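Below you'll find the structure, written out as structure tokens, and then a few comments.
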Amino acid sequence: MIDLRSDTVTRPSAGMLAAMTSAPVGDDVYGEDPTVNRLEETVAGLLGHEAALFTTTGSLANLLGVQALIPRGGELLCEASAHVVRAELGGHAVVSGVTTRTWSAPAGQIDLEQIRALIAPDLGPYFVTTSAVSVENTHNFGGGAIQHGYDALADELESRGIPLHLDGARLWNAAVATGRTLASYAVRASAVSVCLSKGLGAPVGSVLVGSTELVREARVWRKRLGAGWRQAGVLAAAGLYALEHNIDRLAEDHANARLIAEVLADAAPGSVKPDQVDTNIVVADLSVTGKTVAEVVAAARTEGLLLGGIGATQLRVVTHLDASAADCRAAAETLARLLKG
């Protein structure tokens with residue numbers, strides 16, 4: 001099977017497994033796992049922050065980061081299809097008492113005018129106050145879109161004294177596609193999450209970065225939520241291997257996604273705009289074909305191709321390190337035939 005449902009489906013390579021089995025470990029709840037400590041120091045350095053915390057998932061890293069920025073009853077602003085508000089099961093409200101309001105823009109983009117209109121100042125004990133703004137870069141449901149206007153938003157928030165949360169699950173992709181350093185994005189935000197188990201191919205894990213104080217508080221809450229772990233160095237070693245070997249190669253995934261988009265645009269005109277495929281995610285609008293995601297996904301499975309969707313007519317295709325250029329071309333040709341048929 002060629003699995004293009006997500007970049008989370010990758011499996012550890014032989015080199016990554018070797019790094020995991022040879023990793024020196026200790027009890028991370030005591031702060032004594034040397035491999036976890038090295039991973040946290042490495043990611044903090046790459047992103048230009050003081051400290052970092054290794055977590056099981058990106059959702060947990062986001063939860064801890066947002067909670068550290070926003071008091072109970074405070075408000076987070078984000079785009080309407082952002083992962084923090086659409087795909088984290090209401091955790092920010094349920095666990096942290098955080099409310100949200102959203103703006104909506106094509107490809108999940110930053111809309112500075114909408115954000116300015118949404119920001120609520122502190123008006124005393126009558127209205128909720130905007131405590132932080134979250135940006136997802138790249139934007140998952142926006143088709144892997146790189147966020148434009150990021151620095152302008154950061155400048156605006158800095159002038160207002162409002163912290164920025166960066167959901168950088170696929171920040172690696174944004175950096176590779178634009179040529180910007182990771183730190184140039186991350187230092188603009190007070191809390192940043194990055195994922196090791198998506199494009200970088202580690203089997204599990206995300207990292208939250210921020211100030212020493214923010215990470216100290218997040219570490220307490222990680223334990224309080226039952227997410228402390230012991231000899232986690234075997235997993236941290238996978239993350240370190242991924243950072244060393246799998247960042248630059250993300251450009252291959254981007255090229256494969258563009259190839260798929262071009263084939264689909266030819267097969268089903270209007271379904272995809274290849275020049276808007278920034279990174280490794282292709283979202284095709286099947287409404288122009290008269291087909292639904294469910295029927296295309298089912299037909300593709302019978303031909304050895306696994307796909308997913310983000311709605312009745314929005315098909316999502318995600319390239320990754322376990323799908324070669326030949327795999328992606330074969331998948332594109334199969335999908336093109338199904339859309340034409």
Side-chain angles (χ1 to χ4, degrees), residues 1-17 19-20 39 43 54-63 81-89 91 108 136-145 166-177 192-208 227 229 232 234-243 245-247 249-254 256-257 260 277-284 293 297 300-301 304-311 314-324 327-328 331:
M1 301 292 281
I2 299 173
D3 193 344
L4 299 180
R5 290 173 298 174
S6 175
D7 45 10
T8 61
V9 301
T10 58
R11 299 180 182 183
S13 64
M16 183 177 286
L17 287 171
M20 294 169 70
L39 174 67
V43 176
F54 187 31
T55 68
T56 52
T57 66
S59 293
L60 179 58
N62 282 336
L63 179 72
S81 59
H83 197 276
V84 292
V85 77
R86 290 294 301 139
E88 296 180 5
L89 301 181
E136 185 179 342
N137 195 19
T138 67
H139 198 293
N140 182 3
F141 295 140
L166 174 57
D167 178 356
R170 295 181 175 87
L171 189 64
W172 326 101
N173 296 83
V176 167
V192 184
S193 67
V194 288
C195 188
L196 304 170
S197 62
K198 292 187 172 71
L200 297 193
V204 67
S206 287
V207 182
L208 170 69
W229 41 10
V234 292
L235 299 173
L240 286 165
Y241 183 94
L243 292 174
H245 295 90
N246 294 341
I247 294 180
R249 63 144 309 280
L250 290 171
E252 300 171 24
D253 296 341
H254 300 170
N256 289 337
I260 291 171
V277 175
D278 291 340
T279 54
N280 69 317
I281 301 176
V282 181
V283 175
V293 166
V297 166
R301 179 181 283 270
L305 175 59
L306 298 179
L307 302 169
I310 52 175
Q314 300 293 304
L315 184 75
R316 190 181 77 149
V317 181
V318 186
T319 58
H320 52 78
L321 64 84
D322 281 1
S324 66
D327 289 335
C328 292

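In this chain, residues are counted from 1 in sequence order. Both backbone and side-chain heavy atoms feed into the values below; hydrogens, waters and symmetry mates do not. The structure presented is a predicted model; accordingly, all values stated were derived computationally and were not measured.
- Looking at Ser206, its side chain does come within 3.5 Å of a backbone N or O of Gly58 through a donor-acceptor pair.
- Residues Val43 and Phe54 have side chains not in contact (no heavy-atom distance under 4.5 Å, counting atoms from C-beta outward).
- A donor-acceptor pair under 3.5 Å is absent between the side-chain atoms of His83 and the main chain of Ser59, judged by distance alone.
- Using a 4.5 Å heavy-atom threshold, the side chains of Tyr241 and Pro12 count as separate.
- Closest approach of Ala242 to Met16, counting heavy atoms only: CB-CE, 4.0 Å.
- For Asn256, there are no side chain to side chain donor-acceptor pair (under 3.5 Å) partners two or more places apart in sequence or in a different chain.
- In this structure, the separation between CG on Asn246 and CH2 on Trp172 is 11.0 Å, given to the nearest 0.5 Å.
- Contact between Asn62 and Ser193 at its shortest, heavy atoms only, is OD1-OG, 2.6 Å.
- With 3.5 Å as the limit, one finds a donor-acceptor pair spanning the side chains of Asn280 and Asp7.
- Distance check, rounded to the nearest 0.5 Å: CG of Leu171 to CD of Glu136 gives 11.0 Å.
- Side-chain contact between Arg5 and Val318 is absent, with no heavy-atom pair separated by less than 4.5 Å.
- In this structure, the side chain to side chain contact (heavy atoms under 4.5 Å, CB included) partners of Ala300, at least two apart in sequence or on a different chain, are Leu305, Leu307, Leu338.
- Residues Thr55 and Val207 fail the side-chain proximity criterion, which asks for heavy atoms closer than 4.5 Å.
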Worked verdict on Val176 versus Ile247 for side chain to side chain contact (heavy atoms under 4.5 Å, CB included): CA-CA 8 Å; Val176 167; Ile247 294 180; 3.9 Å; yes

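- Atom SG in Cys195 sits 8.0 Å away from atom CG in Leu200 (nearest 0.5 Å).
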Stepwise side chain to side chain contact (heavy atoms under 4.5 Å, CB included) check, Arg170 with Thr279: CA-CA 9 Å; Arg170 295 181 175 87; Thr279 54; over 6 Å; no

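- When all heavy atoms of Leu196 and Gly239 are compared, the pair lying nearest together is CD1-CA, 3.9 Å.
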Donor-acceptor list for residues 138-145 side chains, cut-off 3.5 Å, not counting sequence neighbours:
from, atom 1, to, atom 2, distance (Å)
His139, ND1, Gly142, N, 3.0
His139, NE2, Glu79, OE1, 3.1
Asn140, OD1, Arg316, NH1, 2.5

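- Note that the CD1 atom of Ile281 and the CG atom of Leu4 stand 12.0 Å from one another [nearest 0.5 Å].
- In plain terms, the two heavy atoms of Gly201 and Leu321 that are nearest each other are CA-CD2, 3.8 Å.
- Remark: side-chain polar atoms of Trp229 are not paired, donor with acceptor, to backbone N or O of Thr56 under 3.5 angstrom.
- Summarising the local packing, CZ of Arg301 is surrounded by 12 or fewer heavy atoms from other residues, nucleotides or ligands at distances under 6.0 Å.
- Here the shortest heavy-atom pairing between Val84 and Asp167 reads CG1-OD2, 4.2 Å.
- When all heavy atoms of Val282 and Ala257 are compared, the closest pair comes out as CG2-O, 3.3 Å.
- Note: Leu243 CG to Leu39 CG = 6.5 Å, rounded to the nearest 0.5 Å.
- Between Leu250 and Asp253, the closest side-chain pair of non-hydrogen atoms falls below 4.5 Å.
- No side-chain donor-acceptor contact under 3.5 Å links Ser6 to the backbone of Val9.
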